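Just so it is clear, the structure is predicted and the values come from calculations on it, not from any experiment. Atoms within each ligand, like the ligands themselves, are counted from 1 in listed order.
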Amino acid sequence: MSVHVARATIHCAGEIWTPYRNGASVRLSTYKSAAMLVDDHGVISEIGESAEIFKKHPSAKRIDHGSAIIIPGFVDGHLHCPQLDVIGSGGYRLLDWLDQYVFPAEAAFKDADVARRGARRLTRELVRHGITTAAAFSSVHAHAADLLFDSFDRSGLRLVAGKTSMDIGAPKDVLEPVAQDIESQENLIAKWHGRDGRLFYAITPRFALSCSPAMMKALQALREKHGSCYVQTHISENINEVNDVLAVWKGFRDYLAVYEDHGLLGSKTLLAHGIYLTESELTRVAASGTSIVHCPTSNTFLGSGLFNLNRATTAGAKVCLASDIGAGTGLSPWQTMLECYKVQALQGASVSADELLYRATLAGAEALSLDVKTGSLEVGKYADFVVVRPDKNELLGERLAVTKSSSERLFACIAYGDDRIVDSVYVAGKRLNDSVAWNDLA
Ligand code: GUN
Ligand code: ZN
């Protein structure tokens, strides 16, 4: 990416924290009295000590964020737009929970006004939580996916999304026959895929229990035709689900093979959950470059099980974090990181704060093959960042006063943090908080 510093802006803050990948290893880079020079294309052209950057660029515009901490924009690798109002619907495990709450909520998106309002509300909430890139499922309805893209287009956020494909296993009002589904997807791909280098289409089979063999074959053909599109789906989240899949998809070696044998794996494929993947499945996930999206608040809320991060990464799989709302209990990446910590702690492992931030930012960008553009604060990447003000939460502000390192401060933010401390959110150097994209909510 070339650097244009002509009308650059310097953002300065108390600290900048960013994951930084060096070959196979990732560490947290921290800068004190820090500054970031952002060029007029929204690309980071320098990062370091503010005094030095001021000296080199005395006439550049300055935005002073005071003692705040700048971190990369969060990446939410898996969520469901039509499920905002499903959050906190308890009492059932996965398959019954889908029947009781999810399918009725998604059916409501048949109404374009409901779908428009849902898309705007999601956009508003993502910005409030500092999520600058999201991978989202829309409902089965093509107009709902279209409205989701439209809302993200207007807001400036980065989005990978698709209409959910499902032709069996649910009430009629959330099903779509194969031919109509493929036609809808062709239209969405033509209209949105690659728009502005920010919006991308994902072929989105809900999961193996929602798609007939004919649907899977049609999605395979669509994937072959549109090789640059993403694929997102669910896998091995719940024991009953796994058993049902093995019973329905007889002749397939295992759950993964249903997707694998239909050509749906690869470096642009996101598999949510993967709690019960076997060693063989994990090895094949890793070999194909497919990513696993771990959704810890969803897994604990639905009682789905404990994902073993160490086992997945040891097998070589890429793993990032996500909210999975409405099974997940909120969009807050702080909450998601904390739950990830707890899920691993329950299995005897200890995830560092530095790794948690990596899993919620750069790992998500890597899973989406967007890490050349976003996910960390480095020269040449877009300035997608969050200005964090821990003292907006009084107790957290006081707690930080007794910390000795950036990692300790980061851990305190993960444990105590919420949307109050997310002060401003930027994508490609542009502040999004005041966007009109969601101000015209009907
Ligand atoms: N499996 C299939 N559909 C869904 C969904 O909407 N949420 C979750 N958590 N799992 C699923
Ligand atoms: Zn999900």
Side-chain angles (χ1 to χ4, degrees), residues 76-109 118 122 134-141 144-145 148 160-171 174-175 202-211 215-216 219 230-245 248-249 255-256 258-259 264 269-277 291-307 320-331 336 339 343 364 367:
D76 191 325
H78 177 92
L79 61 88
H80 299 261
C81 175
Q83 295 181 23
L84 267 179
D85 294 329
V86 174
I87 296 171
S89 300
Y92 297 93
R93 297 290 193 263
L94 176 66
L95 298 175
D96 294 329
W97 175 83
L98 289 172
D99 289 337
Q100 290 294 327
Y101 299 118
V102 170
F103 296 146
E106 298 201 2
F109 271 51
L122 176 70
F137 283 49
S138 185
S139 66
V140 72
H141 315 99
L148 180 61
V160 172
K163 85 177 272 301
T164 300
S165 294
M166 45 196 302
D167 67 333
I168 55 166
V174 286
L175 300 181
I203 297 165
T204 306
R206 174 163 228 119
F207 66 159
L209 296 176
S210 295
C211 296
M215 177 66 91
M216 280 298 186
L219 296 178
Y230 291 83
V231 176
Q232 57 180 353
T233 188
H234 298 90
I235 194 167
S236 299
E237 173 180 3
N238 167 290
I239 302 262
N240 292 339
E241 169 213 5
V242 176
N243 290 336
D244 285 2
V245 169
V248 169
W249 289 90
Y255 194 158
L256 185 73
V258 178
Y259 302 137
L264 295 175
T269 296
L270 303 164
L271 300 178
H273 306 298
I275 299 169
Y276 299 104
L277 291 172
S291 290
I292 298 175
V293 188
H294 173 38
C295 311
T297 70
S298 162
N299 297 162
T300 51
F301 184 73
L302 290 182
S304 299
L306 301 177
F307 176 77
C320 69
L321 288 178
S323 66
D324 189 29
I325 59 144
T329 49
L331 282 165
T336 303
E339 201 78 348
V343 166

Worksheet item: Counting backbone and side chain alike, does His234 bring an N/O/S atom below 2.8 Å of the Zn ion (ligand 2)?
Response: yes
Worksheet entry | Those atoms of ligand 1 less than 4.0 Å from some heavy atom in His273 | 9 (N)
Worksheet item: Are the side chains of Ser298 and Glu237 in touch, meaning some heavy atoms are under 4.5 Å apart?
Response: yes
Worksheet item: Which residue and non-hydrogen atom of the protein lie closest to atom 3 (N) of ligand 1, and at what distance in Å?
Response: Arg206 NE, 2.8 Å
Discussion item. For the residue pair Tyr255 / Glu241, report whether a side-chain donor-acceptor contact shorter than 3.5 Å exists.
Written reply: yes
Discussion item. Is it the case that the side chain of Trp97 and the backbone of Leu302 share a donor-acceptor pair, with hydrogens and angles ignored and the cut-off at 3.5 Å?
Written reply: no
Discussion item. For the residue pair His273 / Asn238, report whether a side-chain donor-acceptor contact shorter than 3.5 Å exists.
Written reply: no
Discussion item. Please work out, at 4.0 Å between heavy atoms, whether the side chain, the backbone, both, or neither of Leu98 comes within that distance of ligand 1.
Written reply: side chain
Discussion item. I'd like to know whether ligand 1 has Phe137 as a neighbour, heavy-atom separation below 4.0 Å.
Written reply: no
Discussion item. Between His80 and the Zn ion (ligand 2), is there a contact where an N/O/S atom of the residue lies under 2.8 Å from the metal?
Written reply: yes
Practice prompt. Look up atom OH in Tyr259 and atom CG in Leu271, then write down how far apart they are to the nearest 0.5 Å.
Written response: 7.5 Å
Worksheet item: Counting from 1, what ligand 1 atoms have a heavy atom of His80 closer than 4.0 Å?
Response: 5 (C), 6 (O), 7 (N)
Worksheet item: Are side-chain heavy atoms of Val140 and Glu106 found at a separation under 4.5 Å?
Response: no
Worksheet item: Is there any N or O on Asp324 that sits under 3.5 Å from an N or O of ligand 1?
Response: yes
Worksheet item: How are the rings of His80 and His234 set relative to one another: parallel (under 30°), tilted (30 to 60°) or perpendicular (over 60°)?
Response: parallel
Worksheet entry | Glu241 heavy atom under 4.0 Å from ligand 1 | no
Worksheet item: With a cut-off of 2.8 Å, does any N, O or S atom of Asp324 fall short of it relative to the Zn ion (ligand 2)?
Response: yes
Practice prompt. Report yes if Trp97 has an N/O atom closer than 3.5 Å to an N/O atom of ligand 1; otherwise report no.
Written response: no
Item to complete: Find all atoms of ligand 1 within a distance of less than 4.0 Å from any non-hydrogen atom belonging to Ala327, and give their numbers and elements.
Response: 9 (N)
Worksheet entry | Flag side-chain contact, heavy atom, 4.5 Å: Asp99 against Tyr92 | no
Practice prompt. Answer yes or no: is there a donor N or O on one side and an acceptor on the other, between the side chain of Thr233 and the main chain of Thr204, under 3.5 Å?
Written response: no
Item to complete: For Leu94, take its heavy atoms, then give the atoms of ligand 1 lying under 4.0 Å from any of them.
Response: 8 (C), 10 (N), 11 (C)
Worksheet item: When you measure from atom 10 (N) of ligand 1 to every protein heavy atom, which one gives the shortest distance, and what is it?
Response: Glu237 OE1, 2.7 Å
